[in-house]
J.: 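Structure provided below as structure tokens; questions to follow.
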Number of protein chains: 2
Amino acid sequence: MSNGISLKELAAELKLAPSTVSRALNDSYEISEATKKKVISMAEKLNYQPNPFARSLRENKSKTIAVIIPERINNFFAQVMDGIEEIAHEHGYHLLVYSTHEDVEKEKKIVSLLQNKRADAIVMSVSSQTSDVSHLVKLYQRDLPIIFFDRVCSDIPTTKFITNDYESAYEGTKHLIQQGCQKIAFLMLAKELSITKERYRGYLDALKEAGMQPEPTFSLHCCRSDEENIQLITELLKSENRPDGILSSVEKLALATYHSVKKTKLSIPDDLKIITFSNMSSAGLLSPSLSTITQPALTIGQECAKLLIKKLTKPRHNELKDQVIVIPSKLTIRESTMAR
Amino acid sequence: MSNGISLKELAAELKLAPSTVSRALNDSYEISEATKKKVISMAEKLNYQPNPFARSLRENKSKTIAVIIPERINNFFAQVMDGIEEIAHEHGYHLLVYSTHEDVEKEKKIVSLLQNKRADAIVMSVSSQTSDVSHLVKLYQRDLPIIFFDRVCSDIPTTKFITNDYESAYEGTKHLIQQGCQKIAFLMLAKELSITKERYRGYLDALKEAGMQPEPTFSLHCCRSDEENIQLITELLKSENRPDGILSSVEKLALATYHSVKKTKLSIPDDLKIITFSNMSSAGLLSPSLSTITQPALTIGQECAKLLIKKLTKPRHNELKDQVIVIPSKLTIRESTMAR
DNA sequence: TTGTACGCGTTATCAG
DNA sequence: CTGATAACGCGTACAA
């Protein structure tokens, strides 16, 4: 056996015209049952596989969706991918996957690669460095359907799926206050990120409602590097005026905090309480177990894919409206925020 | 702007023949520098993007590699993916990614989807349910280059990348013995998996060398379901004749053990020591911190991609020889295997 | 140095 | 119901 047979060869074998065979395989109504059967059985016998590129060329679609995420080693994004894949496969779509590693330059390269319609549509969450979005606008202008999730681009008029960032951060902060925290810090990646803004707002409003002033040094901007983040957080924890509570806007910063705490004489939750946005399944196994705000990652992925496929299947009736769809997160209280 | 311009249209704009434009863009030696410049600048001006499907159809290659992994929410596989992606992107290759969720039926479907040469090659790690490999043999017979990593198929004559499973398991077991364990259990997924077999051999040989008998009930076969695994392990830990040491052949079973221990009165490492194959970055943050055998995941991914691309680029000189390439793991001792 | 013609494997249109 | 033909966009042999 070697490299597969073409429609034409299959037709020759059957002594039929290629067009007839094509129609038979596509179950066209204008082909008799008898020939359909003959064609199908021969196709199976010879293990005929249609060439996807010829088809894509002809139909101007690839049955492929591109997914761009900031990082792969991240439970949230991995779960979202699982959700997208589940729905995509149900509808015969394939997934091209790209990770930007939180690097805008990488993101731009990837996006530029996708301009040629290699994928029928794009699902993405922008990198933490992304503030100028002209590369994404370009995509949009090329008529490539695009959906954002989690870290969205409000400038681009399409559908976005997020969790209730504001409320969750608000509730998380309120929880810290109820547990007795007086000085609460907020850990963020880039301040330009949509999720940062919303979660920060929730944090500030919760403080305000409790009559607390947000300490400027308590808004900590972190970066991609775990080492640097641990350094930054350690400094904050060792400072004269250190926080006694932390709301971490992403999982990795909570883990960095755990590492930092090990470098101090502090202990969680006695000296410092912490809650974080995170989808880590082993949050409950950490020392101490970590209170989390768990995002509906799988659902977000599924919904993204469902909407996109609806749009791809029936483009007329389904525009990607400029709207934000919110799916709520779930607070799970564990030891890291226990009152003494 | 709408949907991109074709080579023909670009040629018309330039008042040149399509073939000339094609050659200019591909930097052919038979085109004058002057026209090359004109063509390139116009191509940029009109944002010309070659149609990848026309190209794939013509050249019979897609510049795409398919990657099949058993699960996405797994630090090892995520890191391997990162390694593959890094090298693939350097060479202009795209990645189609599929997860089997440890399900052979899913694996078969995916593999069948790839028969049509949608991808130029495949990198994969088989599901834990995979014992019959006829679906993979079929791929191989189709002349689709395929490379295995970690969970390999010895029946298929191609290159495989693994870690030193036998030695690592041997060393891990020996470490447990040195720390005072007398009754060591081995946790595995399916016993048919290549990694299970090798790691089990290492475990058995270490026991033997220490003059210990392998207790039959201490070889625990687990499954995909975390709940069931926790149940199984809990039973083992509560049994009359319980182990005092555990070598876990995969990360998830170690985490399941941590959950199980919480359901008993035992404590790690006093009553039970445990070491596991794992690439979890937060192993050091668990309670207690978890001793691990860390696989060179990134390197494995990079090497797979390098070899595959060499093969795809210069097929004549690079056959995928039937060999196993071993890249060693690293033992990291933490609290979970401390002697009392 | 540039242009013409063809084929890659499909599917849709038009004829019969 | 089936067959012939054209077209999708590109690259290459062959011609000029």
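First the proteins, then the strands, lettered A, B, ... as listed; each starts at 1. Predicted model, so just to flag it, every value in this text is computed and none were measured.
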J.: What nucleic acid atoms does A:Leu57 come within less than 4.0 Å of, heavy atoms only: base, sugar-phosphate, or nothing?
T.: base

J.: Are OP1 or OP2 of D:dT2 and a side-chain N or O of A:Ser32 less than 4.0 angstrom apart?
T.: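 Indeed, a polar side-chain atom of A:Ser32 lies that close.
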
J.: For the backbone of A:His91 and the side chain of A:Lys63, can you confirm whether one donor and one acceptor N or O come within less than 3.5 Å of each other?
T.: yes

J.: CG of B:Asn116 versus P of C:dT10: gap in Å, rounded?
T.: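 Value for this atom pair: 10 Å.
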
J.: Base, sugar-phosphate or nothing for A:Thr35? Non-hydrogen atoms, less than 4.0 Å.
T.: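 Sugar-phosphate, no base atom in range.
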
J.: Taking the minimum atom-to-atom distance to the side chain of A:Ser19, which one of D:dT5, D:dG11, C:dT2 wins?
T.: D:dT5

J.: Please state how far atom CZ in A:Arg55 lies from atom P in C:dA12, giving the value in whole angstrom units.
T.: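 Going from A:Arg55 (CZ) to C:dA12 (P), I get 10 Å.
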
J.: Keeping B:Ser56 on the side-chain end and B:Pro52 on the backbone end, is there a donor-acceptor pair under 3.5 Å?
T.: yes

J.: In terms of side-chain geometry, is the basic nitrogen of B:Asp82 or A:Arg72 positioned less than 4.0 Å from the acidic oxygen of its partner?
T.: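 Yes, this pair counts.
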
J.: Pull out every residue in residues 20-28 of chain B that has a heavy atom closer than 4.0 Å to any atom of DNA chain C, ordered by number, or say none.
T.: B:Thr20, B:Arg23

J.: Rounded off to whole Å, could you give me the CG-to-C1' distance for the B:Leu7 and C:dG3 pair?
T.: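 Computing the B:Leu7:CG to C:dG3:C1' distance gives 13 Å.
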
J.: Taking for each residue the nucleotide of DNA chain C bearing the nearest heavy atom, is the 5' side occupied by B:Lys15 or by B:Arg58?
T.: B:Lys15

J.: So if I take every side-chain heavy atom of A:Ala17 and compare against D:dC8, D:dA4, D:dC10, which nucleotide ends up nearest?
T.: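 So the nucleotide nearest the side chain must be D:dA4.
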
J.: Hey, is the side chain of B:Lys36 poking within less than 4.0 Å of OP1 or OP2 on C:dT1, counting only N and O atoms?
T.: no

J.: Counting N and O atoms only, with roles assigned by atom type, does the side chain of B:Ser125 sit under 3.5 Å from a partner on the main chain of B:Arg151, one being a donor and the other an acceptor?
T.: yes

J.: Backbone N or O of A:Phe161 within a donor-acceptor pair of the A:Glu303 side chain at under 3.5 Å?
T.: no

J.: Nearest whole Å is fine: how far is D:dC10 P from B:Lys63 NZ?
T.: 17 Å

J.: If I take atom CG in residue A:Leu16 and atom C1' in nucleotide D:dA4, what distance separates them, rounded to the nearest angstrom?
T.: 14 Å

J.: Between the side-chain atoms of A:Ser56 and the base atoms of C:dT10, is any donor-acceptor pair under 3.5 Å?
T.: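 No pair found.
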
J.: Is B:Pro18 touching bases, backbone alone, or none of the nucleic acid, heavy atoms closer than 4.0 Å?
T.: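 Nothing: the residue B:Pro18, judged by heavy atoms under 4.0 Å, touches no strand.
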
J.: Using whole Å, report how far CG of B:Asn60 lies from C1' of C:dT10.
T.: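 Roughly 15 Å, once rounded to whole Å.
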
J.: Does B:Ser6 have a side-chain nitrogen or oxygen under 4.0 Å from the phosphate oxygens OP1 or OP2 of D:dC8?
T.: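 No, B:Ser6 has no side-chain N/O under 4.0 Å of OP1/OP2 on D:dC8.
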
J.: Looking at D:dT2, I'd like to know if its phosphate oxygens (OP1 or OP2) sit under 4.0 Å from a side-chain N or O belonging to A:Tyr29.
T.: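 It does not, given that no N or O in the side chain of A:Tyr29 lies less than 4.0 Å from OP1 or OP2 of D:dT2.
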
J.: Does a salt bridge link B:Asp150 with B:Lys160, judged by any charged N lying under 4.0 Å from a carboxylate O?
T.: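 Salt bridge: no.
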
J.: If only side-chain N and O atoms count, and only distance matters, is there a donor-acceptor pair under 3.5 Å linking B:Asn26 with B:Ser28?
T.: no

J.: Once you round it to whole Å, what is the distance between P of D:dG11 and CG of B:Leu10?
T.: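 Distance, rounded to whole Å: 12 Å.
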
J.: Identify whether any heavy atom of A:Glu33 sits under 4.0 Å from a base atom; if not, whether one sits that close to sugar-phosphate; answer base, sugar-phosphate or nothing.
T.: nothing

J.: Distance check needed: C:dA5 P versus B:Lys8 NZ, whole Å only.
T.: 13 Å

J.: Within the distance-only criterion (no hydrogens, no angle test), does the side chain of A:Glu107 pair as donor or acceptor with the backbone N or O of A:Ser127 below 3.5 angstrom?
T.: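 Yes; judged by distance alone, with no hydrogens or angles, the pair exists.
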
